[in-house]
Amino acid sequence: MPMQEKYEPQAIEKKWQDRWESRGTFRLGRSGPKGKKYVLEMLPYPSGKMHMGHVRNYLLGDVYARYFRMQGFDVVHPMGWDAFGLPAENAAIKDGVHPATRTQENIASFKAELKTLGYSYDWDLEVNTSDPSYYRWNQWFFLKMLEKGLVYRRFSRVNWCTGCLTVIANEQVKDGTCERCESKVVDKEMPEWAFRITRYSQVLLDALDGLKEWPDRIIAAQRNWIGRSEGVEADFAIEGSTETIRVFTTRVDTIFGCTYVVLAPDHRVVRAITTKEQKAAVEAFVAKMAAKSKTERTEEGAEKEGVFTGAYAVNPFNGEKVPVWVANFVLSDYGTGAVMSVPAHDARDYDFAKKYGLPVKTVVLPAGARAGAAGGTHARAGAAGGTEARAGANESGAYTEDGVLVESGPYSGKTSAEARKAMGAWLEQQKKGAPTVTWRQKDWGFSRQRYWGTPIPIVYCEKCDPERKGLPVPYEQLPVRLPDIEVEKVLTGKGEPPLAKVASWVNTTCPRCGGPARREAETMDTFVDSCWYYARYLSPKFEKAPFDPELGKKYLPVDIYVGGPEHATMHLLYFRFWTRVMKELGLSPVDEPVVRLITQGIVNGPDGRKMSKRWGNVVAPSSIVQKYGADTARGYVLFAGPPERDFDWNDKAMEGVFRFLHRVWTLAATHEAACAGATYSGAYEGKALEIRRHAHKALKRVTEAIERLSFNTAIAGIMEFVNALYAVKEVSGAAEQAAMGEAIRILARVLVTFTPHFANEVAEAYGATEPLEESSWPAFDPALVVDDVIPYAVQVLGKLRAEIMVPLAATEAEVRAAAEADPKVQLALGGKPVKKFVFVPKRLVNFVV
RNA sequence: GGGCAGGUGGCGUAACUGGCAGCCGCGCCAGACUUAGGAUCUGGUUCCGAGAGGAGUGAGGGUUCGAGUCCCUCCCUGCCCACCA
């Protein structure tokens, strides 16, 4: 079938999409002599329209899925919908459309758009997290984890909007007020459900070392986020009181320099130890802090503020009495909520001391500094005459490095590291503290006062459960379905959680006594949904468990996972945690969900700013597909730069890719009549051999580039190949025609992962009878990728002086002789004796004179 | 403050393990074909220099026959985290 003269993407893309679908080209289990590959992209929240970030994300996975399939792997490549979540619910509050309705519509249009880009998904594996057949397993996991003690109910401090009367996320708090209604936001203690993810902190941290194919930045972010910190806890007695203050510090070696102690405003003992004289001031301060939200209080640049309690704490090491303060910068939920302050050796303590005129006492000197030169000076920070010489102090005024101790009783002269060890042991022996480990990571609070999410399968019965701990819904009653609702009445954005307003749903019977009971009206965080969807894809309709364990054994873990780096510490940590739990439940065969993680960069607008309606710089994938076709969109997004890096959209550069496809089309159409069916069985030489060499070199280059995730250079290689074929101009005779036919068939093959519709159309004109995706990835002929005569660079004293052509098989001596014969080289050598001759096979030689 | 990524032509980028810096594309310049070109094809395009030649990968040092690549000291940009004791 002769090709059309002109490349018209609109005429061919639908054809191939339909053909793949009707033939089931991308269905799981089609082939797999080499085993399996699971290629996964982070599932999208189905907003109505795709943006370029989606296109790029799915493309990176798609190239691998297609490549591995042709390499002979049984490829899992699914797509689904993270369908619960805030946007649909907020939209409903605004316009009254039921979230389920809107979500269905959005999924339909998003899916239709995905299909226009030619992604190779197996749609039989599609998953929708808002479907009861999916979220029932969230509930099942919840109950299992409740049994294991991994789910618990706690009181927690949340951002409470005084206008909307609901909990809002940190992101919704702007300058201490609600983003939506501009009312004041305060902290409120509220009950919430939490996962005990901290039980896995150590395991999740240790296993990071095994994630060799994850980007460093993600590993670093997780390590940071988990925040393991080794230190000691030490008890400071309160003078004239039975209370003690336990502090946590990583720098116990500086404890002889402690000149005051600071408590968080909501620390347990504040009230008890405050003296009469200071009572009014402390209470005013604590009230002021409580009125602020957590984000506001700890906002960047927030001035350090504090107030003296009037109490004195006793340093366990030297019995020194130091004042106890309350200050805004101490966090109640990290460490013990109390810190010992050592202004000489901590920048923050120094700032605070300076502001309030507290003493600074140096007890650590840089190693090598002479002891006695500076130590032990008591001085009021910032006060006139405070001329203490704090050797090594940084700009902020504190010397924060390790060093050698001075003025530290029996520990003087020890290094910081030695002192930490000895002092920790002493504390333990004296029962005044102990070495300990503190974590930044907190448990994961997952209950939300929202409608559009997974109902938490708990009921409250006053008779059986007077303490309101919650009774689990029996497994056989799952799923607890979301009730249908009258949108205007229930989704008001105000008051109680929406589900609490649905009397017919919230009122139920107690599973234990059969009496009246109420359902938990809160729903689960949508991050729960994305914790295990990758396993559900394997058997989306399985009814006996979250997924079929047999298929889990066969296809897990995910081999390649593609998504945005913004998920570094939330989703990517949560689903690692969940995977551990699934293994303990006997479901999952793996400890870690993903072998190789790829985080794609952002596609910015042409102006270099993030694409946004606000800037009017959004490039809609649909408009590009319509005008240039999916293949151009795909080709350009891959060609624009390496996957991890951000890039700015550039219309001109994209048109360059469009032009390139036209060029290929013209080339193929030009040679079609003479070359598509040409055969030749003799030896190739001359121009025909050159054509074959170009083809096999391109094949090698593209194959290797795909393997190392360098799609942009793969495409550059293909462009070079096409330029070379253009340079051939005329082909005549059976050998050249057969060589050209082969070259164009190879060209189609190397293009197919990037521009699949286009490649298939060309291949079909050149005799392919089935989609290329159903054929195998071609192997290059090793004999054709090396030349007989190769160039050598000739350097004299490291400077390039000439380039010589030498037979591939030439020995070192032969190459040297050829180099020395070159007149430019002779001139550079100038008859001087050669001290050394460097020979790098197949690359260069260097004369050292 | 911490972490990570990056700094190479006018621009996006390339250079796999130390071995000819700038592949490919965009833009620009010239030519061909054209009534015409914002189509297409061909050639050129790091800088200085007419030329031979010289300089050149953020700055400065070092290792090496040889450094964009390795080591040390800095500077700048972007992203993420952050009063974490």
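In the text below, chain A, chain B and the rest are named by the order of the sequence lines, each starting its count at 1.
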Q: Describe the nucleic acid contact of A:Val330 in one word from base, sugar-phosphate, nothing, applying a heavy-atom distance below 4.0 Å.
A: base
Q | A:Glu690 with A:Arg693: basic N within carboxylate O range, under 4.0 Å | A | yes
Q) Which part of the nucleic acid, if any, lies within contact of A:Glu803, taking any heavy atom under 4.0 Å across all strands shown: a base, the sugar-phosphate backbone alone, or nothing? A) base
Q. If you pin A:Arg659 and A:His662 to their nearest nucleotides in RNA chain B, which one's is more 5'?
A. A:Arg659
Q: Rounded to the nearest angstrom, tell me the gap between atom NE2 in A:His694 and atom P in B:C24.
A: 12 Å
Q.
Classify A:Val848 by what it touches in the nucleic acid, base, sugar-phosphate, or nothing, heavy-atom distance under 4.0 Å.
A. sugar-phosphate
(Q) Centre-to-centre under 6.0 Å for A:Tyr561 and A:Phe575, is that the case here? (A) yes
Q) What about A:Lys304, does its side chain sit under 3.5 Å from the base of B:C83 through a donor-acceptor pair? A) yes
Q. Between A:Thr569 and A:Asp216, who's closer to the 5' end of RNA chain B by nearest nucleotide?
A. A:Asp216
Q. Roughly how many Å is it from CZ in A:Arg609 to P in B:C79, rounded to a whole number?
A. 14 Å
Q) Looking at A:Asp253 and A:Arg420, does any basic side-chain N land under 4.0 Å from a carboxylate oxygen? A) yes
Q: Rounded off to whole Å, could you give me the CZ-to-P distance for the A:Arg228 and B:G2 pair?
A: 22 Å
Q.
Tell me the interatomic distance from A:Arg348, atom CZ, to B:C83, atom C1', rounded to whole angstroms.
A. 5 Å
Q) What is the pairing partner of B:C16, taking Watson-Crick or G-U wobble pairs with both distances under 3.5 Å in any strand? A) none
Q | Complementary nucleotide for B:G51 - Watson-Crick or wobble, under 3.5 Å | A | none
Q: For the pair A:Glu704 and A:Lys700, find out whether any cationic side-chain nitrogen is under 4.0 Å from an anionic carboxylate oxygen.
A: yes
Q: Would you mind telling me which of B:A5, B:A82, B:C20 lies closest to the side-chain atoms of A:Arg440?
A: B:A82
Q: For A:Asp648, report the nucleic acid contact type (base, sugar-phosphate, nothing); a contact means any heavy atom under 4.0 Å.
A: nothing
Q) Touch check for A:Phe647, heavy atoms < 4.0 angstrom, all strands: base, sugar-phosphate only, or nothing? A) nothing
Q. Does a side chain donor of either A:Arg228 or A:Gln202 reach within less than 3.5 Å of an acceptor in the other side chain?
A. yes
Q) For A:Phe847, which contact category applies under a 4.0 Å heavy-atom criterion: base, sugar-phosphate, or nothing? A) nothing
